[in-house]
There are 2 protein chains.
Amino acid sequence: MPTPILISEVGPRDGLQSIDRTLPTAVKCAWIDALVEAGITEIEVGSFVPAKLLPQLADTADVVAHARQHKGLTVAVLVPNAKGAEAALQAGAHKLTLPLSASETHSLKNLRRTHAQVLEEARTIAAMVKAAPCKAHFEGSVSTAFGCTLEGEVTEAKVVELAEALMAAGCDEVGLSDTTGYANPAQVRAVVRAVHAAIGPEHLTGLHLHNTRGLGLANVIAGLEVGITTFDASLAGLGGCPFAPGASGNIVTEDLAFMLEAMGYTTGINLEKLLNVRQILADALPGEPLYGFTPDAGLPLGFKQAA
Amino acid sequence: MPTPILISEVGPRDGLQSIDRTLPTAVKCAWIDALVEAGITEIEVGSFVPAKLLPQLADTADVVAHARQHKGLTVAVLVPNAKGAEAALQAGAHKLTLPLSASETHSLKNLRRTHAQVLEEARTIAAMVKAAPCKAHFEGSVSTAFGCTLEGEVTEAKVVELAEALMAAGCDEVGLSDTTGYANPAQVRAVVRAVHAAIGPEHLTGLHLHNTRGLGLANVIAGLEVGITTFDASLAGLGGCPFAPGASGNIVTEDLAFMLEAMGYTTGINLEKLLNVRQILADALPGEPLYGFTPDAGLPLGFKQAA
């Protein structure tokens, strides 16, 4: 029985928040439609942050409303705090992710909050989620989990501590995010194993990996080996990387999907369709760097997907 | 005890043969010197093919002579046939690699030789190597080992058959080469294990991987898991990929070295020095695309190599 792996498409949030231009809502919706048509079943469609901070994502509620029309699509959003979570629940998002940066320096710089303050938000959000009429999935994501450009090394012990704290605060599960692209495959195995030992493997099923130093897919292999079944990725690696010009930030959805399908995993994705989705971005964002290799290289001669 | 992994630098051969311009011999030598200074201990410095076929590598004998001055450097060359091998042995190369394409269609197109004919060359070369005053290492490399743009799928059985035939012809060992960038990590594990079972793990220690679809370093992880201890790579991924514009052909030495060192393997390479070597290429080949992410991203804050 082939193992199902979920690719969680985060381009509409992590990709779009990293570029200067604001994509019109209609284009975002067309993009989402094309992703669903290609077999993507989870999309992080935006982030509930103040419009003045991230104008690129100011239409998130509208995008959520559009995305919810697709039966079978998990509509995910990022929320930086309880206020954002409230808006997310009101909009009908299926999954909320709250980032908690392992590096407190990064947390203060990014969100102007200490660990304790973010955990307090987590408790508030968990209570909201519990009280809401529709069941939403609440993920606490430990970001800078593999190192930080401000603090340097992030210890395994710190990641475990925060994962435990997020679960205690009421999260349904925890995610790990390699915000800075510092992770290497040995570290991925070790940190995931440590968190699994602390909170149970069923409570850490997803990784958000970056390709800043080209190790993105190698880190996916490590994640697969320790039982990870969800990987975030960005179509065309949209958004690049603020830390390294020319480096794709997020791993590229198309290359990831090809690798998984080639290895015999099932993703539910139609690769031929997926490889064409980036045309929407190429048309709407002329001149925006698009990353990844598989669309240009094409699928291998004779390549057949398992299903 | 950390595991030593050898990075075999093939840029001066595989990289240079793929670009239009011919690098002056003096620049090649300076490049080699810088690689050695950075801790590289094996370099494929050229190929003994007729100058009219590959003018870029016409000076290989001179480059070999220069490279041999570095004590502790294994000077490797590609040889397409016995004639090339003769020149290689005369020049004093330490390691000869003869490619045998698993896809016979590719073999005929590339070398105008059938499998049987290439194996005949192998027997001749093995005899030459045995008779030569200085001991050279003779590797038969199965290319298109993971698939071919002309034939499509290449079976595991074919690769095993050819590996056995190369050993029977007198090779010291066999290599596997993903010429077309078709390989995926599961396939790498399976094919390496099958060849190991047939000819012994000590006779297949190296892989030549391409990054055509972005799977290069993921495939390295798979190789490490099944006991591979040598990986070919090209500095700055020089040479790109004829099959996919914008795709690096060879995996990028700098990204590979960072990954291995970050994982705790020992490569003997000084990363800080290595990351600067590409400047030689940038200066000598203005406008030539240089690939890889680690040089631009830099090493992680606080990163220390093990030794």
Side-chain angles (χ1 to χ4, degrees), chain A residues 146-154 180-189 210-222 224-225 237 241 243-248 251-252 254-256 258-265 290-304, chain B residues 146-154 180-189 210-222 224-225 237 241 243-248 251-252 254-256 258-265 290-304:
Chain A
F146 301 93
C148 175
T149 50
L150 303 169
E151 279 189 13
E153 187 195 6
V154 167
T180 56
Y182 273 25
N184 71 75
Q187 186 184 17
V188 169
R189 287 183 203 123
H210 277 197
N211 198 37
T212 315
R213 290 173 182 76
L215 273 53
L217 293 186
N219 287 333
V220 168
I221 296 301
L224 289 166
E225 289 166 3
C241 176
F243 306 110
S248 109
I251 57 178
V252 176
E254 297 98 309
D255 291 353
L256 173 64
F258 167 68
M259 182 174 81
L260 293 172
E261 287 285 333
M263 293 177 72
Y265 291 98
L290 302 182
Y291 300 90
F293 299 123
T294 306
D296 285 334
L299 298 172
L301 180 67
F303 182 80
K304 283 183 184 47
Chain B
F146 301 93
C148 176
T149 50
L150 304 169
E151 278 189 14
E153 185 194 8
V154 167
T180 57
Y182 274 24
N184 70 75
Q187 187 184 15
V188 168
R189 286 183 203 125
H210 277 197
N211 198 37
T212 315
R213 290 173 182 77
L215 273 53
L217 292 187
N219 288 333
V220 169
I221 296 301
L224 288 166
E225 288 166 3
C241 177
F243 306 109
S248 109
I251 57 179
V252 175
E254 297 98 308
D255 292 354
L256 173 64
F258 167 68
M259 182 174 81
L260 293 172
E261 286 285 333
M263 293 177 72
Y265 292 98
L290 301 183
Y291 301 90
F293 299 121
T294 306
D296 285 333
L299 299 172
L301 180 68
F303 182 80
K304 283 181 183 50

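Sequence lines set the chain letters: A, B, ... in the order given, protein chains first and strands last, and positions in each chain run from 1. As the structure is a computational prediction, the values presented were derived from the model and not from experiment.
Under the 4.5 Å side-chain criterion, counting only non-hydrogen atoms from C-beta, A:Phe293 is not in contact with B:Leu215.
Neither the backbone nor the side chain of B:Glu254 comes within less than 4.5 Å of any heavy atom of chain A. With a threshold of 4.5 angstrom between heavy atoms, A:Leu217 approaches chain B through its backbone and through its side chain.
No other option in A:Gly302, A:Pro300, A:Cys148 has as many heavy-atom pairs under 4.5 Å with chain B as A:Pro300. Most heavy-atom pairs under 4.5 Å with chain A: of the set B:Gln187, B:Glu151, B:Glu225, this distinction falls to B:Glu225. Of the residues considered (B:Pro185, B:Gly152, B:Ala186, B:Gly264), B:Pro185 shows the highest number of contacts with chain A, using heavy-atom pairs under 4.5 Å. In terms of non-hydrogen atom pairs under 4.5 Å with chain A, the most contact-rich of B:Ile221, B:Asn219, B:Leu299, B:Val220 is B:Ile221.
For the pair B:Arg213 (side chain) and A:Gly298 (backbone), a donor-acceptor distance under 3.5 Å is present. The backbone N or O of B:Met259 lies less than 3.5 Å from no partner atom in the side chain of A:Asn184, so there is not a single donor-acceptor pair. Judged by distance alone, with hydrogens and angles left aside, the side-chain atoms of A:Tyr182 form a donor-acceptor pair with the main-chain N or O of B:Leu301 at under 3.5 Å.
Within 6.0 Å of CD in A:Glu153 there are 12 or fewer heavy atoms belonging to other residues, nucleotides or ligands.
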